[in-house]
Participant: 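Supplied in structure tokens, the structure appears directly below.
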Amino acid sequence: MRNSHYFLRSCFAFFFVLGLSQADQSIISHLQPQPLESFNLSLVQNVGSCYYTVAISTSCSSPRYTRDQISISFGDAYGNQIYTPRLDDPSTGTFERCSSDTFQISGPCAYQICYVYLYRSGRDGWKPDTVQISGYYSRTVTFTYNTFIPRDVWYGFNLCQNTSSALQQRTPKWFMYVILAVLASFIF
């Protein structure tokens, strides 16, 4: 009798954890860029020992060109933040409609990049399609915007709270749920 209860509780725990992991995946896949309430530039470290490749594609529904100032900030879950105050250069055709621009940016060494924010200052408007970031310690990550960046607002994604990678937490969330479920099955 005790073994059958243990088996049922274990099955319940397994399906409960499986459901949680599926829920986390659906949340991440449906994220839209959001405005950042506050942005603290004093946290940016001025050491540049790592290089990142940032490729930004501009949507075909963006204005033909923009003279707006475009800034970027991205980083990892450990507080390593990379900031570039100005990516744009209107004289070279940066961020023209249906184009892709690639930048080499130096900054502090970060692990897996899990957030990116863009800032636009000006009157022309600009609609990026995707922002792709890769670095030595970070696998390539792509953030899909496909929306106009509001004026004078940091706008983007923060997936640091939604990830279960070892870089965000030493132990993945789903594993902790399994441990808790097994412990609960012994108690009840």
Side-chain angles (χ1 to χ4, degrees), residues 20-41 43-44 50-77 79-107 110-165 167-168 173:
L20 285 176
S21 67
Q22 294 298 320
D24 285 347
Q25 291 173 2
S26 65
I27 291 169
I28 291 172
S29 66
H30 292 95
L31 286 179
Q32 296 293 318
Q34 300 293 319
L36 183 62
E37 297 282 327
S38 63
F39 183 66
N40 190 350
L41 282 175
L43 298 176
V44 176
C50 285
Y51 287 90
Y52 302 89
T53 301
V54 177
I56 301 175
S57 64
T58 298
S59 171
C60 292
S61 58
S62 188
R64 189 168 62 90
Y65 63 91
T66 187
R67 294 167 294 191
D68 296 349
Q69 178 177 333
I70 308 296
S71 304
I72 189 171
S73 180
F74 57 92
D76 65 13
N80 297 304
Q81 184 174 25
I82 298 88
Y83 167 70
T84 301
R86 189 152 194 177
L87 291 173
D88 59 296
D89 183 357
S91 66
T92 62
T94 309
F95 304 129
E96 289 182 343
R97 180 188 306 154
C98 298
S99 69
S100 182
D101 299 286
T102 302
F103 306 92
Q104 294 296 316
I105 298 174
S106 66
Y111 295 99
Q112 184 58 49
I113 301 301
C114 57
Y115 73 85
V116 64
Y117 287 95
L118 295 170
Y119 185 89
R120 181 185 69 81
S121 178
R123 297 177 184 223
D124 291 341
W126 177 57
K127 183 179 180 181
D129 189 27
T130 60
V131 175
Q132 188 175 67
I133 304 169
S134 60
Y136 185 77
Y137 297 109
S138 176
R139 66 183 179 276
T140 301
V141 61
T142 301
F143 298 90
T144 302
Y145 276 81
N146 198 26
T147 190
F148 283 92
I149 302 298
R151 183 177 171 187
D152 299 325
V153 174
W154 284 100
Y155 199 65
F157 299 89
N158 185 348
L159 305 180
C160 297
Q161 302 303 322
N162 295 331
T163 183
S164 62
S165 73
L167 298 174
Q168 167 65 19
K173 272 194 283 189

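The residues of the chain are indexed from 1 along the displayed sequence. These numbers were taken from a predicted model, which means no experiment stands behind them.
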Participant: Any side-chain heavy-atom pair from Asn146 and Lys127 closer than 4.5 angstrom?
Facilitator: yes
Participant: Mind listing the closest non-hydrogen atom pair of Gly156 and Tyr117 along with its distance?
Facilitator: N-CD2, 3.2 Å
Participant: Just so I know, are the side chains of Gln81 and Tyr115 near enough to count as touching, which here means a heavy-atom distance under 4.5 Å?
Facilitator: yes
Participant: How long is the span from the OG1 atom in Thr66 to the CZ atom in Phe95, to the nearest 0.5 Å?
Facilitator: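 Between atom OG1 of Thr66 and atom CZ of Phe95 there are 9.0 Å.
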Participant: Is the closest side-chain heavy-atom distance between Ser138 and Ile133 below 4.5 Å?
Facilitator: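 Ser138 vs Ile133: side chains apart.
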Participant: Verify side-chain contact (heavy atoms from CB on, under 4.5 Å) between Ile149 and Asp68, making sure each step is shown before the conclusion.
Facilitator: CA-CA 11 Å; Ile149 302 298; Asp68 296 349; over 6 Å; no
Participant: Residues in side-chain contact (heavy atoms from CB on, under 4.5 Å) with Val153, at least two apart?
Facilitator: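 Checked Val153 against side-chain contact (heavy atoms from CB on, under 4.5 Å); matches are Pro35, Pro150.
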Participant: If you look at every heavy atom in Arg86 and Ser71, which pair is closest and at what distance?
Facilitator: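 Taking every non-hydrogen atom into account, N-OG, 4.3 Å.
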Participant: As a quick check of understanding, evaluate side-chain contact (heavy atoms from CB on, under 4.5 Å) for Gln132 and Val54, giving each step before the final call.
Facilitator: CA-CA 6 Å; Gln132 188 175 67; Val54 177; over 6 Å; no
Participant: Under a 4.5 Å cut-off applied to non-hydrogen side-chain atoms, are Phe103 and Ile56 in contact?
Facilitator: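 A side-chain contact exists here, since the closest heavy-atom pair is under 4.5 Å.
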Participant: Side-chain contact, heavy-atom cut-off 4.5 Å: Trp126 with Ile70?
Facilitator: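 In short, these two side chains touch, coming nearer than 4.5 Å.
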Participant: Keeping the roles fixed (side chain from Thr53, backbone from Ser134), state whether a donor-acceptor pair exists under 3.5 Å.
Facilitator: no
Participant: Quick check: do Thr94 and Tyr65 have side-chain heavy atoms less than 4.5 Å from each other?
Facilitator: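 Counting from C-beta outward, Thr94 and Tyr65 never come under 4.5 Å.
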Participant: Looking at every non-hydrogen atom in both residues, tell me the closest pair between Ala110 and Asp76 and how far apart they are.
Facilitator: CA-OD2, 3.3 Å
Participant: What closest approach, in Å, do Arg97 and Thr58 show between heavy atoms, and which atom pair accounts for it?
Facilitator: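 Looking at all heavy atoms of both residues, the closest pair is CA-CG2, 4.1 Å.
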Participant: State, yes or no, whether a side-chain contact exists between Leu87 and Ile105 at a heavy-atom distance under 4.5 Å.
Facilitator: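 Side-chain contact under 4.5 Å: yes.
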Participant: Can you measure from CD (Gln69) to CG (Asp89) and round to the nearest 0.5 angstrom?
Facilitator: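 That separation rounds to 12.0 Å.
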Participant: Do you know the tightest heavy-atom contact between Gly107 and Ile82?
Facilitator: CA-CG1, 4.3 Å
Participant: What closest approach, in Å, do Ala77 and Cys114 show between heavy atoms, and which atom pair accounts for it?
Facilitator: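 Shortest heavy-atom contact: N-SG, 3.4 Å.
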Participant: Is the gap between the ring centers of Tyr52 and Phe74 under 6.0 Å?
Facilitator: yes
Participant: Rounded at 0.5 Å granularity, tell me how far CZ in Arg64 sits from CD in Glu96.
Facilitator: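 Arg64 CZ to Glu96 CD: 7.5 Å, rounded to 0.5 Å.
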Participant: From Tyr111 OH over to Arg139 CZ, what is the distance, rounded to the nearest 0.5 angstrom?
Facilitator: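 Those atoms lie 15.0 Å apart.
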Participant: Counting only heavy atoms from other residues, nucleotides and ligands, does the tally under 6.0 Å from CZ of Arg67 exceed 12?
Facilitator: no
Participant: Let me confirm one number: the CG-OG distance from Asp129 to Ser62, rounded to the nearest 0.5 Å.
Facilitator: 10.0 Å
Participant: Take Tyr145 and Phe157 through the ring pair (Phe, Tyr, Trp, His ring centres under 6.0 Å) test and state the conclusion after the steps.
Facilitator: CA-CA 9 Å; Tyr145 276 81; Phe157 299 89; 5.1 Å; yes
Participant: How many angstroms lie between CZ in Arg120 and CZ in Phe148, if you round to the nearest 0.5 Å?
Facilitator: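 So the gap between those two atoms works out to 9.0 Å.
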